Amino acid sequence: MYRSTSCNTLRKENAGQSVTLAGWVNSRRDHGGVIFIDLRDREGLTQVVFRPEEHPQVAEASHGLRGEDVIQITGLVSPRLQGTENAKLATGQIEVIASELTVLNKSDVPPFQIDSKVANEDLRLTYRYLDLRRSEMKQNLKLRHRVAKSTRDFLDEQGFLEIETPILSNPTPEGARDFLVPSRLNPGSFYALPQAPQQYKQLLQVAGLEKYFQIARCFRDEDLRADRQPEFTQVDLEASFITAREIQTLIEGLLSRIFKESLGVDIPVPFQRMTYAEAMNRFGSDKPDLRFGVEIVELSDVFAHSQFKVFRSVLDNGGVIRAINAKGAASALSKEQLKKWEEWAKTELGAKGLAYIRLKEGEWESPIVKFFSEEEKKALASKMGFEEGDVLFFGADKPAPACEVLGRVRLKVSELLKLTEGSKELKFLWVVDFPLLQFSPEDNSWVAVHHPFTRPKAEDLELMEKGEFAEVRAEAYDVVLNGVELGGGSIRIHEKELQSKLFAALGIGPEEQQHKFGHLLKAFSFGAPPHGGIALGLDRLVMLLCGADSIREVIAFPKNNRGVDLMTHSPVEVEHKLLRDLSIASTVKKA
RNA sequence: GGAGUCUUAGCUCAAUUGGUUAGAGCGCCGCCCUGUCACGGCGGAGGUUGCGGGUUCGAGCCCCGUAGACUCCGCCA
């Protein structure tokens with residue numbers, strides 16, 4: 001037995017007990033005579049005292065201890081001397097007076113100090129096993145475990161079965177780039193790592209499993225971000241004979257359970273609901289952050305008779321004039337900065353421009369205000385609540401791009417004015433009635449907004465028959481927290497004919513349908529039940545719960561921005577023989 | 001594929017307008033210290049300022065290139 005208890009259990013009541021502890025030397029305070037060691041294990045810290053007058057040989061040996069040495073000590077739990085208690089430590093009322101010391105393993109001097117902040121993420125990832133020794137990282141992983149446990153408990157209670165689906169599966173015709181795995185037994189053929197267990201979970205519904213869930217690893221070969229890794233984890237679920245509303249209620253229950261059991265926070269249910277159309281019109285985003293206002297206002301009527309050429313031509317071509325009011329931003333935005341913002345809108349957002357008006361010391365400062373009539377100015381001010389110190393930003397374009405640009409400006413305003421800084425608010429939201437299809441000028445075809453198995457809303461089926469794809473809404477929903485998409489799902493198509501029609505709308509002909517989705521269409525012909533589901537991004541959820549600003553902080557061994565594991569150096573070049581066995585060859589030219 | 005920020009000691013950072021031998025804290029090493037918990041005291045080691053080039057009497061600082069890290073856009077059904 002290496003130890004009788006952990007480093008976070010001993011309290012005043014344990015005084016007089018003989019204990020054995022094992023762990024790492026967190027810090028040492030060597031007074032020449034008496035020596036203190038903070039011993040650390042996963043659970044916490046305990047102060048160990050080496051006293052030369054009581055155990056001279058052990059005390060002598062303790063002089064040689066250094067940070068991160070792994071040791072085992074046996075000793076007597078004692079109350080700390082009067083006035084030397086440490087209120088910052090859970091075990092601060094006691095100390096262990098060591099009578100035995102075993103050095104289990106010496107440590108080299110670590111490349112960074114375990115108990116301090118390290119900014120260099122490169123170094124942290126290279127020595128991830130040391131980085132994870134820091135209590136902050138341990139807390140994050142513990143919380144992640146807590147969330148997974150709550151999820152399993154809750155869904156089990158709701159009658160869901162945890163079922164694993166294949167990691168070696170097929171490439172997905174649409175969507176993200178796949179990771180491919182060559183098949184040795186089938187030369188020239190490839191598996192793909194799943195982007196999501198989508199088809200399998202639907203086939204489990206056809207199989208009659210009724211309620212499935214999985215904490216599923218998913219893979220996408222796309223560029224990385226603070227909130228994106230090539231492999232990530234989803235809480236994935238699917239159920240039969242269920243409505244969209246029922247799935248939403250289930251997820252509200254799940255999130256309530258998670259927040260309660262991980263943070264001790266009660267979140268209000270049901271969540272607010274908003275259609276996609278409303279979210280776009282009011283906030284210019286399909287995942288609006290509702291912790292602040294700055295809503296988009298329709299101004300087309302104000303400028304209906306405008307002589308301002310830019311607005312005039314936009315309106316005459318079926319566009320709209322809309323604006324947001326950045327309340328009190330005038331002092332934070334100089335004329336130079338406003339010009340920079342305009343430049344940003346043009347280059348990064350592809351906007352034609354970003355007109356603005358700054359109201360400072362009673363003056364309307366703007367390159368465009370001279371084109372406005374007095375009536376227009378009056379109506380504008382009243383409609384926008386435009387007051388001293390405010391800045392208005394205009395979007396003049398077709399409704400969708402106008403809102404998108406203003407939505408992005410809205411977020412930039414929030415960032416500038418620190419509207420959400422220090423906020424503890426949790427604004428949950430369901431965004432519903434997403435469009436089913438979106439025209440892609442790039443591919444010159446319609447593409448699925450969600451995925452090709454998403455069910456059109458019953459009342460829009462007629463529009464679909466007529467080919468008015470842009471107007472067809474989907475039985476799809478996203479759950480959003482503070483402007484972050486936590487997850488999304490939909491009711492699926494369960495009829496062979498309707499699924500085939502949707503494939504056709506996406507430009508997938510009968511032959512291709514059979515080739516790529518024959519298994520699914522066939523399955524649907526054998527009595528597929530109505531079904532639907534959802535997937536939540538576990539990494540993102542845990543990141544928010546931890547207050548971290550990157551999912552790398554809640555993943556034990558993440559990859560860096562270029563998809564490299566700095567610790568193991570993965571991915572690596574492989575020997576030619578390995579490639580030959582797989583019947584593949586690299587086209588990379590060696591330098 | 002594009003934009004931005006950054007790169008100085010093991011770590012976190014500083015270095016005035018381009019000007020002496022590039023500093024500090026922590027860590028490390030040595031000595032001293034019997035109640036500390038950010039222990040304290042004395043002493044010490046540790047630097048090709050990411051790399052390459054240029055401008056200059058003189059470059060950590062200015063210019064060009066390059067590598068890497070991070071953030072964002074594109075992309076992510």
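Per chain, numbering begins at 1; letters A, B, ... match sequence-line order. What you are looking at is a predicted structure, and each value in this text was computed from that prediction instead of being measured.
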Nearest-angstrom distance from the residue atom CE of A/Met567 to P of B/rA69: 17 Å

Nearest to side-chain heavy atoms of A/Arg562, which nucleotide of B/rC37, B/rA69, B/rC73: B/rA69

Candidate nucleotides B/rU71, B/rC29, B/rU36, ranked by approach to the side chain of A/Ser550 - the nearest: B/rU71

N/O contacts under 3.5 Å, protein versus nucleotides 9-11 of chain B?
residue: B/rG10; atom: O2'; partner: A/Pro111; partner atom: O; Å: 2.4
residue: B/rG10; atom: N2; partner: A/Gln113; partner atom: OE1; Å: 3.4

Side-chain N or O of A/Arg29 closer than 4.0 Å to phosphate OP1/OP2 of B/rU36: no

Interatomic distance where NZ belongs to A/Lys340 and C1' belongs to B/rA3 [whole Å]: 14 Å

Separation of the P atoms in B/rG54 and B/rU12, to the nearest angstrom: 32 Å

Touch class at under 4.0 angstrom, heavy-atom based, for A/Asp223 against every strand present: base

Euclidean distance, A/Leu481 CG relative to A/Arg291 CZ, rounded to 0.5 Å: 7.5 Å

Closest-nucleotide 5' rank along RNA chain B - winner of A/Val447 and A/Val49: A/Val49

Validation row, ring centre A/Phe50 to ring centre A/His63 under 6.0 Å: no

P-based separation of B/rU71 from B/rG25 [nearest Å]: 33 Å

Counterpart base for B/rU66, defined by Watson-Crick or G-U wobble contacts under 3.5 Å: B/rG50

Stepwise salt bridge (Lys or Arg N to Asp or Glu O under 4.0 Å) test for A/Lys12 and A/Glu85: CA-CA 11 Å; A/Lys12 223 169 195 167; A/Glu85 300 89 350; 5.4 Å; no

Length of the line joining A/Arg408:CZ and B/rA3:C1', which is rounded to integer Å: 13 Å

Among B/rC28, B/rU36, B/rC75, the one nearest A/Glu222 by side-chain distance: B/rC75

Sugar-phosphate, base or nothing in reach of A/Arg177, heavy atoms under 4.0 Å: nothing

Candidate nucleotides B/rU34, B/rC76, B/rU36, ranked by approach to the side chain of A/Thr84 - the nearest: B/rU36

Sugar-phosphate, base or nothing in reach of A/Arg66, heavy atoms under 4.0 Å: sugar-phosphate

Side-chain donor-acceptor contact under 3.5 Å, A/Gln337 with A/Ser334: yes

Gap between atoms CD and P, on A/Gln93 and B/rC37 respectively (whole Å): 17 Å

C1' atoms of B/rA59 and B/rG40, separation to the nearest Å: 42 Å

Watson-Crick or G-U wobble partner of B/rA3, both distances under 3.5 Å: B/rU71

Donor-acceptor pair between A/Gln113 and A/Arg134 side chains, under 3.5 angstrom: no

Base of B/rC76 paired with side chain of A/Arg220 (donor-acceptor, under 3.5 Å): no

Under 3.5 Å donor-acceptor, A/Asn482 side chain and A/Asp289 backbone: no

Distance in angstrom units between A/Lys88 NZ and B/rU36 C1', rounded: 12 Å

Given B/rC28, B/rU34, B/rC70, the nucleotide with the shortest approach to the side chain of A/Val109: B/rC28

Watson-Crick/G-U partner (both atom distances under 3.5 Å) of B/rG60: none

Short side-chain N/O contact to B/rU71 OP1/OP2 from A/Arg225, under 4.0 Å: no

Pairwise C1' distance, B/rC31 and B/rA69 [rounded to whole Å]: 41 Å

Watson-Crick or G-U wobble partner of B/rC28, both distances under 3.5 Å: B/rG44

Residues A/Ser500 and A/Gln513: side-chain donor-acceptor under 3.5 angstrom: yes

Interatomic distance where CD1 belongs to A/Ile35 and P belongs to B/rG40 [whole Å]: 16 Å

Sugar-phosphate, base or nothing in reach of A/Glu121, heavy atoms under 4.0 Å: sugar-phosphate

Rounded distance in Å between the P positions of B/rU8 and B/rA14: 10 Å

Rounded distance (Å) that lies between atom P of B/rG4 and atom NZ of A/Lys412: 14 Å

Sugar-phosphate, base or nothing in reach of A/Asp221, heavy atoms under 4.0 Å: nothing

Phosphate contact (B/rA69 OP1 or OP2) by A/Asn561 side-chain N/O below 4.0 Å: no

Closest nucleotide among B/rC76, B/rU34, B/rG27 to the A/Ala176 side chain: B/rC76

Stepwise salt bridge (Lys or Arg N to Asp or Glu O under 4.0 Å) test for A/Lys287 and A/Glu485: CA-CA 6 Å; A/Lys287 44 179 200 281; A/Glu485 181 193 327; 5.4 Å; no

Gap in Å between the two P atoms, one belonging to B/rU21 and one to B/rG58, rounded: 15 Å

Sugar-phosphate, base or nothing in reach of A/Arg552, heavy atoms under 4.0 Å: sugar-phosphate

Touch class at under 4.0 angstrom, heavy-atom based, for A/Glu95 against every strand present: base

Sole candidate of A/Glu238, A/Gln202, A/His531 that passes side-chain hydrogen bond (donor to acceptor under 3.5 Å, both in side chains) when paired with A/Arg492: A/Glu238

Check: A/Ala176 main-chain N/O paired with A/Gln195 side-chain donor or acceptor under 3.5 Å: yes

Rounded P spacing from B/rG53 to B/rC11 in Å: 25 Å

Listed nucleotide nearest any side-chain atom of A/Ala226, set B/rC75, B/rA69, B/rU71: B/rU71

Watson-Crick or G-U wobble mate for B/rA22, both contacts under 3.5 Å: none

B/rC76: pairing nucleotide in any strand, Watson-Crick or G-U under 3.5 angstrom: none

Value in whole Å for how far the C1' atom of B/rC33 lies from CZ of A/Arg28: 14 Å

Spacing of CZ belonging to A/Phe453 relative to CG belonging to A/Leu502, to within rounding of 0.5 Å: 9.5 Å

